[in-house]
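Please read the structure below before turning to the comments.
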Amino acid sequence: MDDSANDNPLHVEIMAEKASAYFTRVRKMQSTLAALARFDATAASHDGQSSTRRDELLSEAAEQAFFFVIQREAMKLPYYDELFADFDIPDEVRRRMGSKR
């Protein structure tokens, strides 16, 4: 990108909106991953409906992780396997990404 793009107010605003949308997506994904981790941490205290609730949390985390990857691709950010480790996305969530509930 040349310096003239940085002088264009519209370009600067578009880049700021892209960054804001990206970090909003990251926060949503991290929130769903944290909810799943909290549920798993307290699994011993759950009743018989816990497997249904856990499946819901797992599906939501997988959906948000999938949306995160799609947004990265749309922004032409690199996609690499370390991304999942960097964001602590469990393999179980990764395997569920893109599947229907």
Side-chain angles (χ1 to χ4, degrees):
M1 175 178 2
D2 61 22
D3 289 332
S4 64
N6 291 329
D7 293 336
N8 180 335
L10 180 58
H11 177 76
V12 171
E13 179 137 354
I14 289 170
M15 295 306 292
E17 286 295 322
K18 284 182 176 182
S20 176
Y22 176 75
F23 289 112
T24 296
R25 174 62 54 206
V26 169
R27 285 189 297 276
K28 284 182 182 180
M29 178 187 66
Q30 289 176 324
S31 174
T32 60
L33 292 170
L36 178 61
R38 280 191 306 274
F39 184 88
D40 286 347
T42 61
S45 66
H46 296 296
D47 61 10
Q49 296 179 2
S50 64
S51 74
T52 301
R53 179 65 183 139
R54 185 177 190 285
D55 191 58
E56 291 170 354
L57 290 169
L58 177 60
S59 292
E60 182 64 24
E63 183 176 76
Q64 292 301 320
F66 187 58
F67 292 162
F68 166 69
V69 169
I70 290 170
Q71 186 160 8
R72 286 185 63 85
E73 289 176 357
M75 294 175 69
K76 298 186 182 355
L77 296 173
Y79 171 80
Y80 52 94
D81 287 333
E82 293 83 15
L83 178 75
F84 296 100
D86 292 347
F87 284 94
D88 294 323
I89 301 171
D91 288 340
E92 182 181 23
V93 171
R94 185 177 178 179
R95 285 189 300 270
R96 180 81 66 102
M97 285 173 44
S99 65
K100 298 278 184 190
R101 292 183 190 201

Cluster link Phe23 to Val69, ILVMFWY, side chain under 4.5 Å: yes
Audit row: Arg27, Thr24, side chain to side chain donor-acceptor pair (under 3.5 Å) steps and yes/no: CA-CA 5 Å; Arg27 285 189 297 276; Thr24 296; 3.2 Å; yes
Which residues share a side-chain contact (heavy atoms from CB on, under 4.5 Å) with Phe68, sequence neighbours left out: Tyr22, Arg25, Val26, Met29, Arg72, Leu83, Phe87
Donor-acceptor contact below 3.5 Å, side chain Ser59 vs main chain Asp55: yes
Worked check of side chain to side chain contact (heavy atoms under 4.5 Å, CB included) between Ile70 and Met97: CA-CA 11 Å; Ile70 290 170; Met97 285 173 44; over 6 Å; no
Spacing of Leu36 atom CG and Gln64 atom CD [to the nearest 0.5 Å]: 13.0 Å
Residues clustering with Val12 (ILVMFWY side chains joined when closer than 4.5 Å, directly or via others): none
Pairwise side-chain contact, Leu33 with Val93, heavy-atom cut-off 4.5 Å (strictly under): yes
Spacing of CG belonging to Asn8 relative to CD1 belonging to Ile14, to within rounding of 0.5 Å: 7.5 Å
Pair Glu56 + Arg53: basic N to acidic O under 4.0 Å: yes
For Ala61 against Thr32, the heavy-atom pair lying closest together: CA-OG1, 3.4 Å
Atom pair OG/CG of Ser50 and Leu57 - distance to nearest 0.5 Å: 10.5 Å
